[in-house]
Amino acid sequence: MRALYWNGVNDLRVGTVKDPEIVNPHDAILKVKLSTTCGSDLHFIDGYIPTMKAGDVIGHEFMGEVVEVGPKVKRVKKGDRVVVPSFIACGECWYCQEKLFSLCDCTHPKPELQEPLLGYPTAGIYGYTHAFGGYAGSHAEYIRVPHADVDCFKVPDGVADETALFLSDAAPTGYMGADFCSIRPGDTVAVWGCGGVGLMAQQSARLMGAERVIAIDRYPERLRMAREHAGSETLDYTQVHSVLEALKEMTGGRGPDACIDAVGMEAHGTGSQYAYDRVKQALRLETDRGQALREAIMACRKGGTLSVLGVYGMIDKFPMGVIMNKGMTVRTAQQHGQAYMDRLLAHAAKGELNPAYLATHRFSLEDGPRGYDMFKHKTDGCVRAVFAP
């Protein structure tokens with residue numbers, strides 16, 4: 001089959017790779033209908049997350065049609081149109097029983113690659129380095145889905161493919177981030193980042209009852225999407241002297257009740273702190289540019305909640321004293337998509353959440369490297385590049 005694979009830092013290629021096979025009786029094979037880029041992919045493409053190997057098929061956000069199932073698969077069958085969360089869960093371990101699906105104890109075949117950094121291994125994820133399991137990714141014609149009864153969700157007839165696609169990762173990540181904020185009527189939620197996850201976090205905060213949502217970014221087309229699709233107030237950080245002061249002014253001096261970081265380790269910004277991060281990251285003295293995270297910590301009101309969705313490695317100058325002295329609650333995780341999928345499919349079926357607008361650019365799989373280049377550099381207003389194998 002044809003697939004998009006990593007060949008080295010900033011070197012993506014399309015080629016012929018081995019077809020996936022049923023390995024375990026609980027497996028399914030999907031014909032990928034649509035897959036999409038994700039900002040977290042850029043971290044290993046740029047070389048900030050190691051353990052990639054030349055030839056690794058990438059991609060973790062996808063939907064498709066079941067074409068083959070193992071003998072113990074009961075909930076899905078050949079011909080079903082399904083969406084699959086990006087983290088692989090067994091459904092049986094203690095973490096899965098607690099609905100902490102991205103922390104599954106049983107789906108990481110190479111725990112020794114994570115334990116030195118994290119202490120314990122997390123769940124495996126499709127197409128996202130050997131440190132996260134080494135599973136083949138979704139930018140391919142076909143993909144193997146382990147634990148199909150746990151990880152495949154049938155898409156209702158009224159939900160379009162492009163809507164279902166983003167229920168794989170962007171929507172559940174954003175929805176989880178808003179859920180972490182324990183939003184109450186009257187709350188103000190600030191969201192750093194207007195990419196796919198940030199926009200989904202903004203819409204989800206609205207669905208959960210936030211009175212005001214403030215979106216922070218620098219790209220006019222993304223800020224426009226935040227206004228039009230999430231009803232957010234917007235703040236272009238390049239047009240203000242200080243994001244902290246701007247948010248204080250917008251909230252009567254108190255600050256947002258909750259702040260969501262939907263940016264992660266390659267944040268852009270302004271000022272000397274940002275320049276410091278750029279230099280240290282370029283020299284590989286740290287993996288992260290923490291501008292957005294630090295701003296969110298500083299801007300959140302006393303006693304407020306910080307929800308961190310951005311991917312991070314080893315960050316420098318982390319202001320733990322600010323969190324402690326302000327009495328903040330911090331919640332963070334990779335997305336527990338299986339816990340939210342039924343709700344998200346219901347929202348999509350009712351037209352309450354339709355993330356299809358994120359698909360600003362569509363490509364064939366053969367044009368995958370060009371799609372990632374456009375996505376990475378945000379040319380032509382690209383929010384997400386979608387591939388149809």
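Because only heavy atoms are used, hydrogens play no part in the values below, and waters and symmetry mates are left out as well, while side chains stay in. This is a predicted model, so every value here is computed, not measured.
Classification of K74 and D149 as a salt-bridged pair fails, no side-chain N sitting under 4.0 Å from a carboxylate O. A salt bridge links R362 and E162; the closest N-O separation between the charged side-chain nitrogens and carboxylate oxygens is under 4.0 Å. The pair D367-R370 meets the salt-bridge criterion, with a side-chain N (NZ, NE, NH1 or NH2) lying under 4.0 Å from an Asp/Glu carboxylate O. Salt bridge annotation for R222-D217: absent, with no cationic side-chain nitrogen under 4.0 angstrom from a carboxylate oxygen. D157 has no carboxylate O lying under 4.0 Å from a charged side-chain N of R81, or vice versa, which leaves the two without a salt bridge. One finds no salt bridge joining R227 and E233 here, because no Lys/Arg side-chain nitrogen approaches an Asp/Glu carboxylate oxygen to under 4.0 Å. For the pair E141 and K31, the salt-bridge criterion is not met [side-chain N within less than 4.0 Å of a carboxylate O]. Salt bridge R13/D11: present, at least one basic N to carboxylate O contact under 4.0 Å. With respect to the salt-bridge test (charged N to carboxylate O, under 4.0 angstrom), the residues K77 and D80 qualify.
The two residues G255 and T251 come nearest to each other via the heavy atoms N-OG1, 2.8 Å.
Within 6.0 Å of CD in E115 there are more than 12 heavy atoms belonging to other residues, nucleotides or ligands. The environment of R184 atom CZ is sparse: at most 12 non-hydrogen atoms of other residues, nucleotides or ligands sit within 6.0 angstrom. For CD of E366, the number of neighbouring non-hydrogen atoms (other residues, nucleotides, ligands) closer than 6.0 Å is greater than 12. Environment of NZ in K154: crowded, with over 12 heavy atoms of neighbouring residues, nucleotides or ligands closer than 6.0 Å. Within a 6.0 Å radius of NZ in K248, no more than 12 heavy atoms belonging to other residues, nucleotides or ligands are found.
Under a hydrophobic-cluster definition in which Ile, Leu, Val, Met, Phe, Trp and Tyr are linked whenever side-chain heavy atoms come within less than 4.5 Å, directly or via other members, I125 and L4 are assigned to the same cluster. In terms of hydrophobic clustering, with Ile, Leu, Val, Met, Phe, Trp and Tyr side chains grouped at heavy-atom distances under 4.5 Å, M63 and V145 are assigned to different clusters. Hydrophobic clustering of Ile, Leu, Val, Met, Phe, Trp and Tyr side chains at less than 4.5 Å, counting indirect connections, keeps Y219 apart from I260. Hydrophobic clustering of Ile, Leu, Val, Met, Phe, Trp and Tyr side chains at less than 4.5 Å, counting indirect connections, keeps M328 apart from L309.
In the model, H26 has no side-chain atom that pairs as donor or acceptor with a side-chain atom of K72 under 3.5 Å.
S102 pairs with exactly one of Q334, Q338, Q335, H336 by the side chain to side chain donor-acceptor pair (under 3.5 Å) rule, that one being H336.
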Please lay out, stage by stage, how H130 and D56 fare under the test side-chain hydrogen bond (donor to acceptor under 3.5 Å, both in side chains). CA-CA 9 Å; H130 290 266; D56 285 346; 3.0 Å; yes

Check against side-chain hydrogen bond (donor to acceptor under 3.5 Å, both in side chains), S232 and Q202: CA-CA 7 Å; S232 300; Q202 293 165 42; 2.9 Å; yes

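A ring-centre distance under 6.0 Å is found for Y126 and F62. Between H347 and Y175, a ring centre-to-centre spacing shorter than 6.0 Å is recorded.
Ring pair F387/Y372 is tilted by interplanar angle, where 30° to 60° counts as tilted.
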